[in-house]
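Along the sequence shown, residues are numbered consecutively beginning with 1. For clarity, every value in this text was computed on a predicted model and none was experimentally measured.
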Amino acid sequence: KEKFIEWYIQNHYECGYESMEIDKDLLIRNNKIYSPETCCILPKTLNMLISGCHKHQDSDIYLPLGVNRIITKERTKFRGVIGLDGKIQLLPLRNTPMQAFNDYLLQKNAQLMRMAEQYKQYLPEHIYKALASYEVYPFTQTTYCV
């Protein structure tokens with residue numbers, strides 16, 4: 001416990017007026033351990049950006065990250081949904097979940113790169129590099145969220 005507190009004090013940095021949070025997911029994918037070796041400190045906005053990178057279940061099927069099922073009269077369609085600049089953006093309807101995920105992936109990767117550049121001046125180099133190279137996968141083994 002004391003080692004973690006010491007690590008936090010030594011590694012804490014400011015990012016304008018934004019609140020800072022401890023993150024366990026950026027440096028090590030699917031990490032479940034909070035320790036100085038596995039965590040980093042991120043502005044809340046960036047932490048929320050990567051913590052939203054988990055798949056979810058739509059009643060009876062698992063869908064890729066960022067994909068919703070839309071049931072129409074004709075057939076079932078799939079749509080990517082992403083939060084951009086504080087607003088929800090609905091992406092085009094697609095025939096398969098993976099087509100919808102690919103739409104989502106293009107938007108999410110662009111968002112990650114834009115935010116990495118926006119925060120670059122504040123971030124320690126290893127955190128910037130991890131954020132700039134963060135890969136978004138259609139499925140993870142961790143949390144389910146919408």
Side-chain angles (χ1 to χ4, degrees), residues 4 7-8 10-146:
F4 194 74
W7 166 85
Y8 180 83
Q10 290 176 352
N11 289 277
H12 186 269
Y13 60 96
E14 295 295 322
C15 188
Y17 294 103
E18 189 154 0
S19 62
M20 305 300 282
E21 298 181 343
I22 297 172
D23 173 76
K24 64 174 181 43
D25 303 303
L26 177 64
L27 302 179
I28 300 173
R29 175 97 35 190
N30 297 324
N31 178 38
K32 297 188 184 335
I33 300 169
Y34 283 91
S35 75
E37 296 77 29
T38 61
C39 292
C40 66
I41 300 170
L42 287 177
K44 183 176 184 173
T45 301
L46 295 181
N47 196 22
M48 289 174 56
L49 181 66
I50 63 168
S51 69
C53 289
H54 303 291
K55 69 180 179 178
H56 67 277
Q57 184 176 3
D58 184 2
S59 65
D60 60 333
I61 63 169
Y62 286 106
L63 293 173
L65 167 67
V67 174
N68 288 336
R69 177 169 55 175
I70 309 295
I71 300 173
T72 66
K73 289 180 182 179
E74 299 83 37
R75 62 188 293 201
T76 298
K77 296 278 191 168
F78 301 89
R79 165 181 277 155
V81 179
I82 188 166
L84 291 172
D85 302 321
K87 298 176 183 172
I88 299 296
Q89 181 177 352
L90 301 177
L91 302 174
L93 289 174
R94 300 294 186 197
N95 292 324
T96 69
M98 288 311 292
Q99 290 171 335
F101 173 74
N102 288 332
D103 291 341
Y104 171 85
L105 183 61
L106 287 172
Q107 295 293 324
K108 189 69 169 183
N109 283 338
Q111 185 180 44
L112 284 164
M113 288 307 300
R114 186 174 67 250
M115 297 301 282
E117 289 305 313
Q118 180 179 332
Y119 282 85
K120 185 177 184 177
Q121 64 182 344
Y122 301 106
L123 301 176
E125 187 175 343
H126 75 287
I127 294 174
Y128 168 77
K129 286 181 178 179
L131 184 63
S133 64
Y134 191 80
E135 292 186 49
V136 178
Y137 298 112
F139 298 101
T140 65
Q141 298 173 359
T142 59
T143 311
Y144 300 103
C145 65
V146 176

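Across all their heavy atoms, I28 and T38 have their closest contact at CD1-CG2, 3.6 Å. Scanning all heavy atoms of the two residues, the minimum distance from P97 to V67 falls at O-CG2, 3.8 Å. Taking all atoms of both residues into account, the shortest heavy-atom contact from P43 to C15 is CG-SG, 3.6 Å. The nearest pair of heavy atoms linking G83 to Q111 is O-NE2, 2.7 Å. The two residues K77 and N95 have their closest heavy-atom pair at NZ-OD1, 2.8 Å.
Stacking of R29 on the aromatic ring of Y134 is recorded, both the 6.0 Å distance cut-off and the 45° axial limit being met.
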Quick one, F101 with T96, criterion side-chain contact (heavy atoms from CB on, under 4.5 Å). Give me CA distance, side-chain angles, the key distance, then yes/no. CA-CA 9 Å; F101 173 74; T96 69; over 6 Å; no
Walk me through whether I41 and E21 qualify under side-chain contact (heavy atoms from CB on, under 4.5 Å). CA-CA 6 Å; I41 300 170; E21 298 181 343; over 6 Å; no
Run the numbers on Q121 and Y128 for side chain to side chain donor-acceptor pair (under 3.5 Å), then give the verdict. CA-CA 9 Å; Q121 64 182 344; Y128 168 77; over 6 Å; no
Show your working on side-chain contact (heavy atoms from CB on, under 4.5 Å) between K73 and R75 and close with a plain yes or no. CA-CA 6 Å; K73 289 180 182 179; R75 62 188 293 201; over 6 Å; no
Should K129 and H126 be marked as a side-chain contact (heavy atoms from CB on, under 4.5 Å) after you check the CA-CA gap, both sets of side-chain angles, and the distance that decides it? CA-CA 5 Å; K129 286 181 178 179; H126 75 287; 5.8 Å; no
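Remark: the backbone N or O of L49 is paired with a side-chain donor or acceptor of K108 at under 3.5 angstrom. A donor-acceptor pair is defined here as one N or O able to donate and one able to accept, closer than 3.5 Å; no such pair exists between the side chain of Q99 and the backbone of F78.
Here F4 contributes atom CZ and C39 contributes atom SG; the two are 4.5 Å apart, rounded to the nearest 0.5 Å. Rounded to the nearest 0.5 Å, atoms CG (N68) and CG (L90) are 8.5 Å apart. With values rounded to the nearest 0.5 angstrom, L105 atom CG is found 11.0 Å from L91 atom CG. The distance from the CG atom of L26 to the CG atom of N31 is 11.0 Å, given to the nearest 0.5 Å. Distance OH/Y119 to CG/L131: 10.0 Å, rounded to 0.5 Å. To the nearest 0.5 Å, atoms CG (D25) and CD1 (I50) are separated by 6.0 Å.
When the side-chain hydrogen bond (donor to acceptor under 3.5 Å, both in side chains) test is applied to Y34, no partner is found at least two apart in sequence or on another chain.
Side-chain polar atoms of Q89 and Y104 form no donor-acceptor pair below 3.5 angstrom. With 3.5 Å as the limit, one finds no donor-acceptor pair spanning the side chains of E18 and Y122.
For E37, the CD atom is densely surrounded, since the number of other residues' heavy atoms within 6.0 Å is greater than 12.
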